[in-house]
2 protein chains.
Amino acid sequence: MPTEEPPGLTRDAVVRAAMRVLEREGVDGLSMRKVAAELDVKAASLYWHVRDKRELLDLLTDGLMADAQAPPRRGDWRAQFRDYFTAYRRHLLGRRDAAKVMAGRFGLGPHMLRFTEDQLSRLREAGFSDADATMATYLLGTYVQGFVLQEQTPLTAAETAGVGRREVATAIAEHLRALPAETFPHLVRLAGDLTGPTMDERFAFGLERILDGLATRLP
Amino acid sequence: MPTEEPPGLTRDAVVRAAMRVLEREGVDGLSMRKVAAELDVKAASLYWHVRDKRELLDLLTDGLMADAQAPPRRGDWRAQFRDYFTAYRRHLLGRRDAAKVMAGRFGLGPHMLRFTEDQLSRLREAGFSDADATMATYLLGTYVQGFVLQEQTPLTAAETAGVGRREVATAIAEHLRALPAETFPHLVRLAGDLTGPTMDERFAFGLERILDGLATRLP
DNA sequence: ACCTGAACACCGTTCAAGT
DNA sequence: ACCTGAACACCGTTCAAGT
């Protein structure tokens, strides 16, 4: 059921249609032809509003950030950034293949800029130098995007086929335990520790380490 | 000039052909048909040796790690891990689109396992707990992969068209400085700091922060 | 100014058929 | 056991032509 736009196509309508196709079919199913169909239009028409698919994905990247919310400014900087990036991860997890779409795209769209501005303001307020504040936003952004990219990609073909993450993890643990103990003593012994932690726990561990590391840069 | 294999195709020969195509054409140019052509064979033949393209990419991921070298065990744990992941980044940067191929793939191939085993051994030796050692390998691996993914992806269409990274960065700085200062005071003021640092500097900053963070977990 | 028809040069994958 | 021919159902993009 295509959503009709009053006059004809607009750049914005194309992006919103792309977001609907993404949610329905995933990145791999996101084609110019399907976006066009979503708007009751032929694929060639899109090229009047958008240079090519890459540009559409750039716009989509920013569109995915449109309704992201920065958490309230309460508590010390550390609590704030814990909340901030935990919410960012949740936001990305909430839209299908978001990390894969955004992967390696530098955020220069208005919504992403709004976020970066807000982060910089909080980091400066916390006492970080100009140079460190800019480095910190890059580091934290890279971490969350990289992490969610791993998280949103199925571990194995089995997971794609619908097997639950927990089951896949136990299968991997079995696999590790079955390795030759002479060459892989740690993998065999730590199979449980390697596959046990949830993604929430892994994310929290990494985030806390980065915050610890940033803390050392404060006077 | 296809490299001939004595009997016929082998799984391994397919993977090595894929690596050559990857180096020559990049991920976007890596098709089953081209890999087949590289071996003087038709695309359908590949499916006898490999389930589908996804499996080929899984094998390719591990193949990309085949000649990665772990640096010597000299100095304290911190110096070792600095070397380790600096070398890992360089390794990935050395093969075209490596991070994009590996993105979100869990490393379960033999070469990747060899690396993880070595890391775990060093982390345990340094005094980290079993649980922290496994978390640390995941964190560091995620960081480097995520970082290089950003690094290997062109910032803008201009960069794809051949404009140098430095020039693109200055263009972005201009763009940021031209933003409305009322809504984006920090982006305007810190435009230079945001776009100035090299990728080497950014990587080192993040790595040091993570190592700082890990250090807090030692007794 | 904006959209379409038709084409070009590709894809991944399947499967009956060959050797 | 291994490879091919031929087809199916797709792609992104271009461009002359229509309105």
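Everything numeric here is computed off the predicted structure, so don't read it as measured data.
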Where the side chain of [X] is defined as all heavy atoms beyond and including C-beta, which of [options] is the nearest nucleotide?
X     : options                : answer
A:Y47 : C:dC11, C:dG12, D:dT14 : D:dT14
B:S31 : D:dC3, C:dG12, D:dT13  : C:dG12
B:D52 : D:dG5, D:dC3, C:dT13   : C:dT13
B:R33 : D:dT13, D:dT4, D:dA7   : D:dA7
A:A44 : D:dT4, C:dG12, D:dT14  : D:dT14

Quick check on [N]: is either OP1 or OP2 less than 4.0 Å from any side-chain nitrogen or oxygen of [X]?
X     : N      : result
B:K42 : D:dA6  : no
B:K53 : C:dG12 : yes
A:K34 : D:dC11 : yes
B:W48 : D:dC2  : yes
B:S45 : D:dC2  : no
B:H49 : D:dA1  : no

Sub-6.0 Å ring centroid separation between B:F115 and B:Y84: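 Here the rings of B:Y84 and B:F115 have centres that are less than 6.0 Å from each other.
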Rounded to whole Å, how long is the line connecting atom [atom1] of [X] with atom [atom2] of [N]?
X     : N      : atom1 : atom2 : answer
A:L39 : C:dT4  : CG    : C1'   : 15 Å
A:D28 : D:dA9  : CG    : C1'   : 16 Å
A:L46 : D:dC15 : CG    : C1'   : 16 Å
B:M32 : D:dC11 : CE    : C1'   : 17 Å

B:R95 side chain to B:E23 backbone, donor-acceptor under 3.5 Å: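 Not at all, since once roles are kept as given, no pair shorter than 3.5 Å links the two residues.
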Identity of whatever pairs with C:dC8 - Watson-Crick or G-U, under 3.5 angstrom: D:dG12
Watson-Crick or G-U counterpart of D:dA17, or none if no pair lies under 3.5 Å: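 Across all strands, not a single nucleotide pairs with D:dA17.
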Side chains of B:L113 and B:P110 in contact at under 4.5 Å (non-hydrogen atoms): no
Ring geometry between A:F203 and A:Y143 (parallel below 30°, tilted from 30 to 60°, perpendicular above 60°):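 It falls in the parallel class, under 30°.
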Inter-nucleotide P distance (D:dA9, C:dC10), Å rounded: 22 Å
Pairwise distance CG(A:D193) to CG(A:L176) - rounded to 0.5 angstrom: 11.5 Å
